[in-house]
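Sequential numbering from 1 along the given sequence is applied to the chain's residues.
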Amino acid sequence: MADSFGATSTTDEVLAGVDLSGKRVLVTGVSAGLGVETARALAAHGATVVGAARDLAKAGAATAPVRAAAANGGGIELVELDLASLASVRACADGLLEAGKPFDLVIANAGVMATPFGHTADGFETQIGTNHIGHFVLVNRIAPLIAPGGRLVNLASSGHRYSDVDLDDPNFEHTPYDPGVAYGRSKTANILFAVEFDRRHRDRGIRATAVHPGGIRTELGRHVGEDTLNAMVAAINADLAKLGQPPYQWKTIPQGAATSVWAGAVADGDEVGGRYCENCHVTTLVTDGIITPVSEGVRPYALDPEHAKALWAKTEEWVGETF
């Protein structure tokens with residue numbers, strides 16, 4: 001039963017007994033970490049995975065375990081996608097549309113975290129531009145390919161609790177740049193995008209959800225120094241010790257990818273649609289008070305339907321495209 005899954009469940013445990021033969025899945029960010037493991041687990045259960053990555057040579061090497069694990073007709077093919085360039089995003093979408101093959105599941109997995117201040121090719125702040133805007137254009141352009149009964153899974157983060165989106169100053173032109181705030185904005189945007197996409201497409205039986213994979217040591221943390229990371233964990237553990245709780249445990253990559261495959265291929269669409277999931281279940285809404293770095297919960301602003309509509313409209317303005 002899905003209810004038996006939790007924080008330590010792995011992709012293979014979540015997908016035990018699940019046959020994905022004949023299913024097509026798009027996974028972005030298959031050159032490292034969670035994307036590779038997500039693709040591996042799905043292909044091992046028979047899915048054909050289309051893996052998108054900026055560096056195809058790196059992705060080709062990284063996905064060797066995916067090809068080795070593929071079974072029951074599963075496999076992987078790679079497409080080029082640089083989410084920090086809308087020209088690349090649109091070219092990728094055009095190629096998929098031209099191929100015309102439907103998708104049963106889209107997992108928007110790729111992302112960056114806590115980057116130094118910078119801009120995408122189109123002038124957007126790096127994190128909102130890559131994590132939200134790139135995926136927004138890609139997914140909306142290929143939405144006609146998502147089959148009835150299909151699903152969108154956006155990888156978000158507990159980092160959304162750092163900050164709400166700023167619709168008036170997305171590029172920090174009038175606000176001092178803070179890498180954590182920028183990351184939080186982009187992750188809140190990932191959740192809000194799922195909320196509005198779900199509203200727009202559920203009449204076709206297509207549902208969208210957002211997931212927090214948990215804390216995992218992957219390339220995503222490359223911009224956070226080891227000393228900073230260790231200090232953060234030490235502070236968390238000090239707080240946990242005061243509460244009489246055990247020390248913080250990093251998730252393994254198979255544990256981190258488990259919520260993505262659970263939400264995409266196992267959970268009931270009505271259960272997860274328009275919601276935020278972590279540890280292989282739909283999480284609770286936390287309206288006030290402090291949420292510790294290790295506690296569960298989603299802030300209400302990230303699931304607010306009107307807020308989601310406003311972000312959608314504003315993002316359309318930013319990219320000059322209406323969906």
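When atom types are taken as modelled, the side chain of S157 and the backbone of H212 share no donor-acceptor pair closer than 3.5 angstrom. When atom types are taken as modelled, the side chain of T209 and the backbone of V153 share no donor-acceptor pair closer than 3.5 angstrom. Of the possible polar contacts, one joining the H45 side chain to the V18 backbone as a donor-acceptor pair under 3.5 Å is found. With S85 contributing its side chain and S88 its backbone, the two residues share a donor-acceptor pair below 3.5 Å. Under the 3.5 Å distance criterion, the side-chain polar atoms of N171 are left unmatched by any main-chain donor or acceptor of E173. Between the side chain of T130 and the backbone N or O of T120 there is no donor-acceptor pair closer than 3.5 Å. A donor-acceptor contact shorter than 3.5 Å links the side chain of R200 to the backbone of F323. Without hydrogens or angle criteria, T28 side chain to N109 main chain gives a donor-acceptor distance under 3.5 Å. In terms of modelled atom types and a separation under 3.5 Å, the side chain of R202 and the main chain of G269 share no donor-acceptor contact. R299 contributes no side-chain N or O that, together with a main-chain N or O of D164, makes up a donor-acceptor pair within less than 3.5 Å.
Electrostatic pairing of D104 and R24 does not count as a salt bridge here, judged by no charged N lying under 4.0 Å from a carboxylate O. Salt-bridge annotation for E321 and R90: present, with a side-chain N of the basic residue lying under 4.0 Å from a carboxylate O of the acidic one. Between D178 and R185, no side-chain nitrogen of the basic residue sits less than 4.0 Å from a carboxylate oxygen of the acidic one, so the salt-bridge criterion is not met. Between R141 and D94 there is a salt bridge, with a side-chain nitrogen of the basic residue lying less than 4.0 Å from a carboxylate oxygen of the acidic one.
Using a 4.5 Å heavy-atom threshold, the side chains of E196 and L311 count as separate. Looking at V50 and F103, their side chains come closer than 4.5 Å, going by heavy atoms from C-beta outward. Looking only at side-chain heavy atoms (C-beta outward), L81 and V89 come within less than 4.5 Å of each other. At a threshold of 4.5 Å between non-hydrogen side-chain atoms, the residues N279 and K251 count as touching.
The aromatic rings of W318 and F124 are tilted relative to each other, their planes meeting at an angle between 30° and 60°. F136 and H132 have tilted rings, their planes meeting at an angle from 30° to 60° on a 0 to 90° scale.
Side chains of D12 and T10: no donor on one and acceptor on the other come within 3.5 Å. A donor atom on one side chain and an acceptor atom on the other are found under 3.5 Å apart for N131 and S186. Donor-acceptor pairing under 3.5 Å is recorded for the side chains of T175 and D169.
A distance below 6.0 Å separates the ring centres of H160 and Y276. Taking the six-membered ring where the residue is Trp, the centroids of H174 and F172 are separated by 6.0 Å or more.
One hydrophobic cluster holds both V139 and V137 under the rule that ILVMFWY side chains link at heavy-atom gaps under 4.5 Å. A single hydrophobic cluster is not seen to contain both V165 and V181; linkage of ILVMFWY side chains at heavy-atom distances under 4.5 Å, directly or through other members, places them apart. Both L105 and L155 are members of a single hydrophobic cluster when ILVMFWY side chains are connected at heavy-atom separations under 4.5 Å.
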### Test side-chain hydrogen bond (donor to acceptor under 3.5 Å, both in side chains) applied to T11 and E37, step by step
CA-CA 8 Å; T11 46; E37 171 59 17; 2.5 Å; yes
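Taking OG1 of T126 as the reference point, atom CG of L83 lies at 12.5 Å (rounded to 0.5 Å).
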